[in-house]
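Values in this document were obtained by computation on a predicted structure and should not be read as measured data. When a ligand or atom number is given, it counts from 1 through the structure's own listing order.
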Amino acid sequence: MNDITFFQRFEGDIVAGRKTITLRDVSESHFTAGQQLRVGRYEDDVYFCTIEVISVMPVLLGQLTDEHARQENMTLPQLKEVIADIYPGLNELYAIVFRLVTAA
Ligand SMILES: CC(=O)Nc1ccn([C@@H]2O[C@H](CO)[C@@H](O)[C@H]2O)c(=O)n1
């Protein structure tokens, strides 16, 4: 059983340590610092790594910076487009910062 899923297209960046943050809605804001999470792919729920949560912080869409985008391995316009696709109309996000513990 996995604790969190990511779209398959981000798997490579996560296991390479290039993506160290994810922006989620309130339904996934309950994770806490120090927790280790089993990570699966959204499409098939196949486990692919374990991450440790560093921090969970509320952030508004308009407060996203180049630093958030860098931690996503994207540009800020790319990141905003991705969020608009996944969470249309949502302004209140939660930045979950994590580090890779083990890749599958
Ligand atoms: C079911 C569900 O919501 N799955 C999600 C949600 C978000 N994300 C990624 O987090 C960042 C900002 O949203 C971007 O990199 C997103 O692609 C993801 O991979 N999978």
Contact with ligand 1 for Arg9, non-hydrogen, under 4.0 angstrom: no
Under 4.0 Å to a heavy atom of Tyr42 - the qualifying atoms of ligand 1, by number: 1 (C)
Students should be able to answer this: which protein heavy-atom is nearest to [atom], and at what distance?
{"atom": "atom 13 (O) of ligand 1", "answer": "Leu23 O, 2.8 Å"}
{"atom": "atom 9 (C) of ligand 1", "answer": "Thr22 OG1, 3.6 Å"}
{"atom": "atom 17 (O) of ligand 1", "answer": "Phe10 CE1, 2.5 Å"}
{"atom": "atom 19 (O) of ligand 1", "answer": "Phe7 N, 3.1 Å"}
{"atom": "atom 16 (C) of ligand 1", "answer": "Ile86 CD1, 3.5 Å"}

Tyr87 N/O under 3.5 Å from ligand 1 N/O: yes
Using every non-hydrogen atom in the two residues, find where [X] and [Y] come nearest and quote the distance to one decimal.
{"X": "Leu23", "Y": "Tyr87", "value": "O-CE1, 3.5 Å"}
{"X": "Cys49", "Y": "Ile14", "value": "SG-CG2, 3.9 Å"}
{"X": "Ala69", "Y": "Thr75", "value": "CB-C, 3.5 Å"}
{"X": "Leu61", "Y": "Ile83", "value": "CD1-CG2, 3.9 Å"}

Identity of the nearest option to atom 2 (C) of ligand 1, non-hydrogen atoms only, from Arg24, Glu72, Met74, Gln71: Arg24
Apart from Val101 itself, residues in the same hydrophobic cluster as defined by side-chain heavy atoms under 4.5 Å: none
Val82, portion touching ligand 1 at heavy-atom distance under 4.0 Å: side chain
Pairing of Asp13 and Arg18 as salt bridge, 4.0 angstrom limit: yes
Residues in ring-ring contact (aromatic ring centres under 6.0 Å, His included) contact with Tyr42, at least two apart in sequence or another chain: Phe7
